[in-house]
2 protein chains.
Amino acid sequence: MSKVGGMEGNHILLDNPPLKEAYRFLRKGLAGKMLVFFIADCEVSYRGRARSYLSRGERLIVIKPDGSLLIHRDKGYEPVNWQPPDTVISTRLTDNHLLVKSVRKSVNEVVEIHIFDLKVLGCYRLKDIGTFTMYGREEDMKKAIEMFPSLIEEGFKVLRTERKVRPGFIDVFGVDSQGRLTVVELKSGTSSMDAVLQLKKYVDSLKKELGVTEIRGILASPRITKRGLQLLKTLKLEYKPLSPAKCLKYLERKKGLKL
Amino acid sequence: MSKVGGMEGNHILLDNPPLKEAYRFLRKGLAGKMLVFFIADCEVSYRGRARSYLSRGERLIVIKPDGSLLIHRDKGYEPVNWQPPDTVISTRLTDNHLLVKSVRKSVNEVVEIHIFDLKVLGCYRLKDIGTFTMYGREEDMKKAIEMFPSLIEEGFKVLRTERKVRPGFIDVFGVDSQGRLTVVELKSGTSSMDAVLQLKKYVDSLKKELGVTEIRGILASPRITKRGLQLLKTLKLEYKPLSPAKCLKYLERKKGLKL
DNA sequence: CGTGCCAGGTGCCAT
DNA sequence: ATGGCACTTGGCACG
């Protein structure tokens, strides 16, 4: 069966269109800066930082108005091939197939889709002025600590956040109740040896920069791996269990809001 | 206009379906382990490691047979909300909206989509037995070096790859022309201070483990940051420019293949 | 299952 | 542009 719907410029929907018709409306959708999706029997090749080849089969393909491209198989969160925003999409119809090519403007990255058949083609203009808000990331932990330094420990005071050291930034820099300088490294998830080494790096950088021999280093996160904790102790650093959830509770209390 | 196509079990395509009809065929598609997509006017909430709320607007939503979920706005490579594979999808129809809920089996992560209207609903069974191959990753560099150790330097010999040290693995472990033990850390992209510290960690671990005082450390990658190079020199480590592309050329030569 | 680490990571923000 | 880093990172391989 073959069916066409809503081609008055509002949207386009083609059921099992012949290549030639698909080509026509695909161009129309792309030119009209619509979100375009289709299910196609296709081959895909990628060339850029690496190279890949995907042999023939049916996939869901999405092209967004900003030039981003997604090619999804029927499994997994990640697209098998893709392009981030800012690509130029071009199309070409030959005797036996339809070529869709996406070339990234800034770097040399190209994705080519050779299409032999389409199951469906849709082009839509998404009316979407919604706002997206996210809570519980490292940034929220930082905010909470600025407002409630005791989340780290009694008597802790924040001197500043995002303090620049040689390379990188210290999440929170402060002093403890004894007046000792203290570096706090925050992780919103499980912290591992990486995080410990990061903290160590900051503490050492700062010691050097300030010419101070004693600086406390505290890693604050909801969880730490066993190896991470071992390393932490070896390096004379400290661990403070602290979850984004707890920080959010404090932030809510302050704002009087339910997030 | 409203149109229905291919509901004989092969696929489903509904143009601008009423909520009730969409609900019926959505359930059918999910039950039949089909890939389901739809464009919907909806609100989205997420709760898990973090929390988020996306206010009302039109988005493209994809549900795969493996339980992965993607919610895309009309911009960007990344979905605004999502679930990786292995979620349980449930649906509920109320008077004024359709609820789609995805609950992750292993961890506590829930995405809820409140749908007020659908522009289109499609359910398809993707025939896809294609193979996906990728070239130019770190693994390919490793293979090339095993076959052509001189890619590192004249006289270099590989003892083994993926050698385990305290925590982690040394990419390539070998000896140079002077018989000195050498650790090689590979990066397929630009290497930064992180990579340098990683190499340092491996060299130190190995010195300790083997009771040797002199071990060379070579970082091989197509590019290194200025700060990375500084740190590398400070730590008496070395840099060898080497790109995945060059490695691939060698591999092709060996196999007599054009990849 | 936890731990470590790569990825065409992407995205954000700083210099 | 380069660089440093978080991310609901996801994904894999290995103890």
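All values below were derived from every heavy atom in this structure, side-chain atoms included, with hydrogens, water molecules and symmetry-related copies excluded. So that the names make sense, note that chain A is the first sequence line, chain B the second, and so on, each numbered from 1.
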Do A:Ser188 and A:Ser221 come close enough that some side-chain heavy atom pair is under 4.5 Å?
->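 Side-chain contact under 4.5 Å: no.
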
In whole Å, what is the span from the [atom1] atom of [X] to the [atom2] atom of [N]?
| X | N | atom1 | atom2 | answer |
| --- | --- | --- | --- | --- |
| A:Asp66 | C:dG11 | CG | P | 9 Å |
| B:Leu231 | D:dG3 | CG | P | 14 Å |
| A:Met134 | D:dT8 | CE | P | 5 Å |
| A:Lys64 | C:dG11 | NZ | C1' | 13 Å |
| B:Tyr53 | D:dT8 | OH | C1' | 19 Å |
| B:Asp194 | D:dC5 | CG | P | 7 Å |
| A:Leu197 | C:dG4 | CG | P | 10 Å |
| B:Glu109 | D:dC7 | CD | C1' | 12 Å |

Contacts of type ring pair (Phe, Tyr, Trp, His ring centres under 6.0 Å), residue A:Phe148, not counting sequence neighbours =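 Applying ring pair (Phe, Tyr, Trp, His ring centres under 6.0 Å) to A:Phe148 gives A:Tyr250.
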
Return the set of residues passing ring pair (Phe, Tyr, Trp, His ring centres under 6.0 Å) with B:Phe173 (not counting sequence neighbours), or none when no residue passes.
->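 Here no residue qualifies.
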
Just to be sure I understand the rule, does [X] reach a base, reach only the sugar-phosphate, or reach nothing, if contact means heavy atoms closer than 4.0 Å?
| X | answer |
| --- | --- |
| B:Gln198 | sugar-phosphate |
| A:Asn81 | base |
| A:Gln230 | nothing |
| A:Ser188 | sugar-phosphate |
| B:Glu139 | nothing |
| B:Glu138 | sugar-phosphate |

Side chains of residues 79-86 of chain A: which donor-acceptor pairs under 3.5 Å do they make with residues two or more places apart or in other chains?
{"unit_1": "A:Asn81", "atom_1": "ND2", "unit_2": "A:Ser52", "atom_2": "OG", "d": "3.0"}
{"unit_1": "A:Gln83", "atom_1": "NE2", "unit_2": "A:Ser102", "atom_2": "O", "d": "3.0"}
{"unit_1": "A:Gln83", "atom_1": "NE2", "unit_2": "A:Glu109", "atom_2": "O", "d": "3.0"}

Counting just side-chain N and O atoms, does B:Lys201 come under 4.0 Å of either OP1 or OP2 of C:dC5?
->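 It does, given that an N or O in the side chain of B:Lys201 lies less than 4.0 Å from OP1 or OP2 of C:dC5.
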
For D:dC5, does either OP1 or OP2 sit under 4.0 Å from a side-chain N or O belonging to A:Tyr202?
->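 Answer yes for this pair, as a side-chain N or O of A:Tyr202 is under 4.0 Å from OP1 or OP2.
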
Show me the side-chain donor-acceptor pairs of residues 56-65 of chain A shorter than 3.5 Å, one per line, residues at least two apart or across chains.
{"unit_1": "A:Arg56", "atom_1": "NE", "unit_2": "A:Asp41", "atom_2": "OD1", "d": "3.4"}
{"unit_1": "A:Arg56", "atom_1": "NE", "unit_2": "A:Asp41", "atom_2": "OD2", "d": "2.9"}
{"unit_1": "A:Arg56", "atom_1": "NH2", "unit_2": "A:Asp41", "atom_2": "OD2", "d": "2.9"}
{"unit_1": "A:Glu58", "atom_1": "OE1", "unit_2": "B:Lys127", "atom_2": "N", "d": "3.0"}
{"unit_1": "A:Arg59", "atom_1": "NE", "unit_2": "B:Asp128", "atom_2": "OD2", "d": "3.0"}
{"unit_1": "A:Arg59", "atom_1": "NH1", "unit_2": "A:Cys42", "atom_2": "O", "d": "2.6"}
{"unit_1": "A:Arg59", "atom_1": "NH1", "unit_2": "A:Ser55", "atom_2": "O", "d": "2.9"}
{"unit_1": "A:Arg59", "atom_1": "NH1", "unit_2": "A:Gly57", "atom_2": "O", "d": "3.3"}
{"unit_1": "A:Arg59", "atom_1": "NH2", "unit_2": "A:Ser55", "atom_2": "O", "d": "2.7"}
{"unit_1": "A:Arg59", "atom_1": "NH2", "unit_2": "B:Asp128", "atom_2": "OD1", "d": "2.7"}
{"unit_1": "A:Lys64", "atom_1": "NZ", "unit_2": "B:His72", "atom_2": "ND1", "d": "2.8"}
{"unit_1": "A:Lys64", "atom_1": "NZ", "unit_2": "B:Arg73", "atom_2": "O", "d": "2.8"}
{"unit_1": "A:Lys64", "atom_1": "NZ", "unit_2": "B:Lys75", "atom_2": "O", "d": "3.1"}
{"unit_1": "A:Lys64", "atom_1": "NZ", "unit_2": "B:Gly76", "atom_2": "O", "d": "2.9"}

With sequence neighbours excluded, residues passing side-chain contact (heavy atoms from CB on, under 4.5 Å) with B:Ala220 |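 Only B:Ile152, B:Val184, B:Leu186, B:Lys240, B:Leu242 meet the side-chain contact (heavy atoms from CB on, under 4.5 Å) criterion with B:Ala220.
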
List in chain and number order the residues that pass salt bridge (Lys or Arg N to Asp or Glu O under 4.0 Å) with B:Glu43, two or more places apart in sequence or in another chain; answer none if no residue qualifies.
->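 Salt bridge (Lys or Arg N to Asp or Glu O under 4.0 Å) list for B:Glu43, sorted by chain: empty.
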
Mind checking salt bridge (Lys or Arg N to Asp or Glu O under 4.0 Å) for A:Glu146 and listing every partner two or more places apart, or none if nothing turns up?
->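 If we apply the salt bridge (Lys or Arg N to Asp or Glu O under 4.0 Å) test to A:Glu146, skipping adjacent residues, there are no hits.
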
Would you sort out whether A:Ser68 and A:Asp66 count as a side-chain hydrogen bond (donor to acceptor under 3.5 Å, both in side chains), showing the intermediate values?
-> CA-CA 6 Å; A:Ser68 38; A:Asp66 65 358; 2.5 Å; yes

Is B:Lys207 atom NZ crowded by more than 12 heavy atoms from other residues, nucleotides or ligands, each under 6.0 Å away?
->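 Counting neighbours around NZ of B:Lys207, more than 12 heavy atoms of other residues, nucleotides or ligands fall under 6.0 Å, so yes.
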
Set out, line by line, the N/O atom pairs under 3.5 Å between protein and nucleotides 1-3 of chain C.
{"unit_1": "C:dT3", "atom_1": "OP1", "unit_2": "A:Lys226", "atom_2": "N", "d": "3.0"}
{"unit_1": "C:dT3", "atom_1": "OP2", "unit_2": "A:Arg223", "atom_2": "NH2", "d": "3.3"}

Distance between the P atoms of D:dT8 and D:dG4, in whole angstroms?
->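 23 Å, rounded to whole Å.
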
Taking atom P in both C:dG8 and C:dG4, compute the distance separating them and give it to the nearest angstrom.
->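 22 Å, rounded to whole Å.
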
Treat primed atoms plus P, OP1 and OP2 as sugar-phosphate and everything else as base, then score nucleotides 10-15 of chain D 5' to 3': B for base contact with protein heavy atoms under 4.0 Å, S for sugar-phosphate contact only, - for none.
-> SS---S

Between B:Gly189 and B:Asp171, just flag the one whose closest nucleotide in DNA chain C comes earlier from the 5' side.
->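 Closest to the 5' end, via its nearest nucleotide, is B:Asp171.
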
